[in-house]
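The sequence lines fix the lettering, A, B, ..., with proteins before strands; numbering per chain opens at 1. Heavy atoms only: backbone and side chains are in, while hydrogens, waters and symmetry mates are out. Bear in mind that the values here come from a model prediction, so they are computed numbers and not experimental data.
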Amino acid sequence: MNKLVSIFTNGFIKENPLLVLNIGLCSALGVTTSVFNGAGMGVSMMAVLLASEIVISLFRHLIPGAIRLPIFIIIIAAFTTIVQLLLQAFVPSLYSALGVFLPLIVVNCIIMGRVEAFASKNCLGHSILDALGMGLGYTLVLIVISAIREVFGGGTLLSGTPFCVNLIGEGYRIALFNSAPGGFLVFGLLAAIVQVIKLKGADKK
Amino acid sequence: MFFDKNTSNNGEVFMEMTKTRDNLEMIKLGAVLCLYAVMACTILALVNYFTLPIITKNKALEASAAMKKVFATADSFEKIEIEGSDAISDAGVEVRDVYLAKSGDEMIGAVCTAEGATYDRAKLIVGVTTEGLISGVEFLELTDSPGFGQKARDPAFHVASGKTFTEQFIGMSTEETFIASGSAQPSERENAVSQKASKAPSRYFDAISGATITSNGVANILNVAVRVLNSIIITNRTQPSAEELTAEELNEEALNTDTQAPIDFYTDDEVSANGDRTEYTESAGM
């Protein structure tokens, strides 16, 4: 049981794909200008990650080692396209907000990395837990970054949903947070905070 | 038997057999890859089959909802077929999906979509009434930067007059070309739209501070769209029967059509009640 819990929580702090492993960064910085976009991206990526890890874990003995990377890409690309079509049909607002970053999930290093390092070598149950843990870790970080950038840069919270609230007046918004430098800034600060948490945790042990 | 073939010793034979085995291995790998690809594509085709009708319906609904937004008083829209191609191009702007706005049987204006360059690209839907006033402008697509050009589409963003960016166009006359106020080089803007239109006086609208390129791009798109719509309205104007038309009304119509820039496209002979649409598309190439 401990092993299962540790696999699941791995993706939150200890091996958070964005803040610790530093993979999958471009999508994280590109779409986090609002919480709706960030959460939507996180959920889409988690869906593709989960589906890919499940399929590859099921087929892991049927994938010849020499061509495993092309086969991984075929599977990941198929699921990304499926998610894309479903979003376009059922949540068109999110589809147009994510724009080009949705098809870019195919080359998101997190999915390729986890599939290669974990799903192709572990059983189905463990792979599902890993996918959920990594996906949730990714989504949570995205939501935190988006919240900070949206509140300080756009002044709103949850714009794009029916629950949008205006928190900061137009004159007091900091435009830096809307663009790339602001994204890097917030990301760097979060990575530093996670490092502190990890070091404190190591100290206790 | 193996050893009699063109070989002199066991070592070379072994290499021959390994090469064949390698080739077989490669073919096997290729076949496995092909199999995975076929399976993936089959599943994709299935998902596409089920989502395609929903997606096309969404797009159509979005377009007609947008048309209603720019022309609230219309209750139906009639598509105008543009002969020759499916878009009219001018000054880097593409105009398509031209519809007549109708209230009952009467044409009260026209709408179209117009796409052109802003900071990135923008697709607008524009409506003009038969009186030559803008009935509404909406963004269908806008890929400019959030916090800058994207503000043009933000309902919470207001320009100097207190209205949103697209609201400020409602009711504006289309006699004059549009220019974003606060834009650095208004003369450059006038060169971007056609020579003839630039002789008309210019109508200033509030630009977005920090998004001059977006504002100028929108001005250019609007100018082209409005010229197309005004021409369409003229060629499709329903004529009242002879008894109803007094000399006064005839004179008034002549005066009104003189001041509208698009009329420059036509000679006096070509302006007629039953103007042929093909005449418009030929002169659109200017």
Review point. For B:Phe50, is it the side chain, the backbone, both or neither that has a heavy atom under 4.5 Å from a heavy atom of chain A?
Key: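 Contact with chain A: none, neither part.
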Just verifying a value: how many Å separate [X] [atom1] and [Y] [atom2], rounded to the nearest 0.5 Å?
X        : Y        : atom1 : atom2 : value
B:Ile55  : A:Leu86  : CD1   : CG    : 8.5 Å
A:Leu50  : A:Leu132 : CG    : CG    : 5.0 Å
B:Ile108 : B:Phe71  : CD1   : CZ    : 4.5 Å

Check your understanding: Does B:Glu94 have any side-chain hydrogen bond (donor to acceptor under 3.5 Å, both in side chains) partners at least two apart in sequence or in another chain, and if so, which?
Key ->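 B:Glu94 satisfies side-chain hydrogen bond (donor to acceptor under 3.5 Å, both in side chains) with B:Arg96 once adjacent residues are dropped.
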Between chain B and chain A, identify every pair of one donor and one acceptor N or O atom lying under 3.5 Å apart.
{"unit_1": "B:Tyr36", "atom_1": "OH", "unit_2": "A:Leu62", "atom_2": "O", "d": "3.2"}
{"unit_1": "B:Asn58", "atom_1": "ND2", "unit_2": "A:Ala89", "atom_2": "O", "d": "2.8"}

Review point. Can you say whether A:Pro70 sits under 4.5 Å from chain B via the side chain, the backbone, both, or neither, judging by heavy atoms?
Key: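 Its backbone and side chain both get close to chain B.
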Check your understanding: What part of A:Phe177 gets closer than 4.5 Å to chain B, counting heavy atoms only: side chain, backbone, both or neither?
Key ->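 Contact with chain B: none, neither part.
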Practice item. With sequence neighbours excluded, tell me which residues meet salt bridge (charged side-chain N to carboxylate O under 4.0 Å, His left out) with B:Asp97. Key: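 Only B:Lys79 meet the salt bridge (charged side-chain N to carboxylate O under 4.0 Å, His left out) criterion with B:Asp97.
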Check your understanding: Quick one: salt bridge (charged side-chain N to carboxylate O under 4.0 Å, His left out) partners of B:Lys68, sequence neighbours excluded?
Key ->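 Partners of B:Lys68 by the salt bridge (charged side-chain N to carboxylate O under 4.0 Å, His left out) criterion come out as none, since no residue qualifies.
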Exercise for review: Using a cut-off of under 4.5 Å on heavy-atom pairs, state which of B:Leu52, B:Val47, B:Ile43 scores highest against chain A.
Suggested key: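 Going by pairs under 4.5 Å, I would pick B:Val47.
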Review point. Looking at the rings of B:Phe157 and B:Phe165, which for Trp means the six-membered one, are their centres under 6.0 Å apart?
Key: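 Aromatic pair excluded; centres sit 6.0 Å or further apart.
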Exercise for review: Could you pull out the closest heavy-atom pair between B:Val93 and B:Ala114, with the gap in Å?
Suggested key: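 Smallest interatomic distance, heavy atoms only, reads CG1-CB, 4.1 Å.
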